[in-house]
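Here the structure comes first, spelled out in structure tokens, and everything after it is commentary.
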2 protein chains.
Amino acid sequence: MHESYRQEIRDIDLFAEMDDKNFQALMRASYVQNFPPRIDLIQENEPPDFLHVVLSGSVDLFSAWNGRETSMATVRPISTFILAASVRNLPYLMSARTLEKSRIALIPSQDVRAIFATDSAFAQAIVSELAQCYRSIVKNAKDLKLRTSLERLANYLLRQQERTGNLEFDLTMEKRRLASFLGMTSENLSRAFKGLEPYGVRVTGNHIEIVNLNDLTRYAKPNPLIDDYTT
Amino acid sequence: MHESYRQEIRDIDLFAEMDDKNFQALMRASYVQNFPPRIDLIQENEPPDFLHVVLSGSVDLFSAWNGRETSMATVRPISTFILAASVRNLPYLMSARTLEKSRIALIPSQDVRAIFATDSAFAQAIVSELAQCYRSIVKNAKDLKLRTSLERLANYLLRQQERTGNLEFDLTMEKRRLASFLGMTSENLSRAFKGLEPYGVRVTGNHIEIVNLNDLTRYAKPNPLIDDYTT
DNA sequence: AGAAATTATTGATACAGATCAAGCATCCCG
DNA sequence: CGGGATGCTTGATCTGTATCAATAATTTCT
């Protein structure tokens, strides 16, 4: 693997504290790959050959049953996915595909298991990362089960507002992908944007203007136990 | 803590391999308590004082927002809950209450964090347990998002059939609790039982008879990536 | 620039499930 | 035993969202 990639991975919390020999061993059979949007990365029920680390872009975790399909979570940099399957050596529960152009590191699961058994700093970092993944999926499930699609969109816009620090901003993805991300159809997203007009949201193409932040916040009722991705 | 309890906890995978000194230290401030049904154990947003271990009975993990409430998962013996919050020392994302009479061990989170940092066997066991919890919640989310309530009930009955090894069995909980467990209202559960009659399910009070296992299985389409709690 | 493909919007309809309301069954206890 | 509480069933209605269909807007390609 290229040295600059190696350093980039070394700086991730998950790998930052481990012994250097072990890190080099872990990197030996690892590699980084670029993927275009909408490329399937893994299929549910496959054995966990590689631990995946999203370095840039974003990845959709989804699942299918009986001809139906549903999006389960979105992974953004810098974060891993299928860590749970990797450490337990059990088949993936979800499939994964890129949402946008993405750079992803692939680390052999076998090496992860071998090294985490002997490197306690690495084991501790895995505990943190797994706990973080667990909490993310719980928050996502709460967002989906407790809120209507209109409320989910309102909270999404508030998060974007906070992220950019601006009352006007552009959507970072196509509306159809945003719809999927928010767990609704694109038809419904269209109607939802209309539905937020009374709360001071103005939409022109993919440009958003929040005319009345107070109104929107009062409607959205953001909550750190759902919307704060950092804790 | 009583010696027999202590041995019972020691036999759990999570604590089986750790150093004995560390185990005794962990037990020093721990205790086991019996709770009647429907008792609140923890409230979301509280700091994670104790790691909880369900020794018998069952516990409902639920969450509320803006006056709405939803059940997120059910914890059955022998398994932990709020391990993720405990190890990261972050507030609970979910509330918990007993569904039935339950025996629960309470272990100070602070001690868990202190000991897992030095005991690598314990750290590894925590990784396994966290990965298991993660996979459980993913399966639960798939069950809820991909299936209708009728299909969820059908698969539940098949699991009970398998568990008892008998085509006739009694429901192990009240129908209203079963409804909550399956993520529906009790009115809907009533209708769902009616809806499964054409697939060979006969209901008398809380006694279930599966007249045609093939028909029911063909309808339910059970899938290990959703219904197998052990992997 | 023009044609073709993709994405976005809008309206009409369908469906799963929640909620509300009323009646029925079952259990518990004095 | 009788009466009250609790749980269960059934029907009617309402809501949120998906689906289907048609058109409009935008992007991509040649």
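Per chain, numbering begins at 1; letters A, B, ... match sequence-line order.
- To the nearest angstrom, P of C:dC15 lies 20 Å from CE of B:M184.
- Taking atom CG on B:L146 and atom P on C:dA16, their separation rounds to 16 Å, with Å as the unit.
- Atom-to-atom, CG of A:L150 to C1' of D:dT17 comes out at 12 Å; the value is rounded to the nearest Å.
- In this structure, a donor-acceptor pair under 3.5 Å is present between the side chains of A:Q7 and A:D11.
- Comparing the local axis fitted to the first five base pairs of the helix from C:dA1-D:dT30 to C:dG30-D:dC1 with the one fitted to its last five gives a bend of 40°, rounded to 10°.
- Between B:T185 and C:dA18, a side-chain N or O to OP1/OP2 separation shorter than 4.0 Å is present.
- If you check D:dC8, C:dT19, C:dA8 against the side chain of A:K175, the one that comes closest is C:dA8.
- More than 12 heavy atoms of other residues, nucleotides or ligands sit less than 6.0 Å from atom CZ of B:R68.
- The side chain of B:N188 contributes an N or O atom lying less than 4.0 Å from OP1 or OP2 of C:dA18.
- Distance from the side chain of A:E174 is smallest to C:dT7 among C:dT7, D:dA18, C:dG17.
- Among residues two or more places apart in sequence or in another chain, the ring-ring contact (aromatic ring centres under 6.0 Å, His included) test is passed with B:F81 by B:H52.
- Between the C1' atom of D:dG7 and the CZ atom of B:F193 lies a distance of 14 Å, rounded to the nearest Å.
- Distances were taken from every side-chain heavy atom of B:K194 (C-beta onward) to each of D:dT9, C:dG17, D:dC20; the shortest belongs to D:dT9.
- For the pair A:S149 and D:dT17, the criterion of a side-chain N or O lying under 4.0 Å from OP1 or OP2 is met.
- Listed by first and then second residue, the ring pair (Phe, Tyr, Trp, His ring centres under 6.0 Å) pairs that reach into residues 129-173 of chain B are B:Y156-B:F181, sequence neighbours excluded.
- Counting to the nearest Å, the C1' atom of C:dT7 and the CG atom of A:L178 are 14 Å from each other.
- Annotation: cation-pi pair A:R218/A:Y199 absent, no NZ/CZ under 6.0 Å from the ring centroid and within 45° of its normal.
- Summarising the geometry, the separation between CG on A:N206 and P on D:dA25 is reported as 17 Å, rounded to the nearest angstrom.
- Candidate nucleotides C:dT7, C:dT9, C:dG17 were compared by shortest atom distance to the side chain of B:R152, and C:dG17 ranks first.
- Atom CZ in B:R177 sits roughly 15 Å away from atom C1' in D:dC8 (whole-Å rounding).
- Minimum atom distance to the side chain of A:R176 is reached by C:dA8, of the listed C:dA8, D:dT9, D:dA18.
- Picking from D:dG16, D:dC8, C:dA8 the nucleotide with the shortest atom distance to the side chain of A:T148 gives D:dG16.
- With respect to B:E174 and B:R177, a salt bridge is recorded, a charged nitrogen being found less than 4.0 Å from a carboxylate O.
- Straight-line distance from the CD atom of A:E187 to the P atom of C:dT13: 16 Å, rounded to whole Å.
- With C:dT10, D:dA12, D:dT17 as the candidates, the nucleotide lying closest to the side chain of B:R191 is D:dA12.
- A:G195 comes within 4.0 angstrom of nothing in the nucleic acid, heavy atoms only.
- Side-chain proximity of B:R38 to the nucleotides D:dG7, D:dA18, C:dA8 is greatest for D:dG7.
- Each of B:K101, B:E100, B:R76 was evaluated against B:S58; a single residue qualifies, B:E100, per the side chain to side chain donor-acceptor pair (under 3.5 Å) test.
- Side-chain contact of B:R159 with B:Y229: a donor-acceptor pair under 3.5 Å is present, judged by distance alone.
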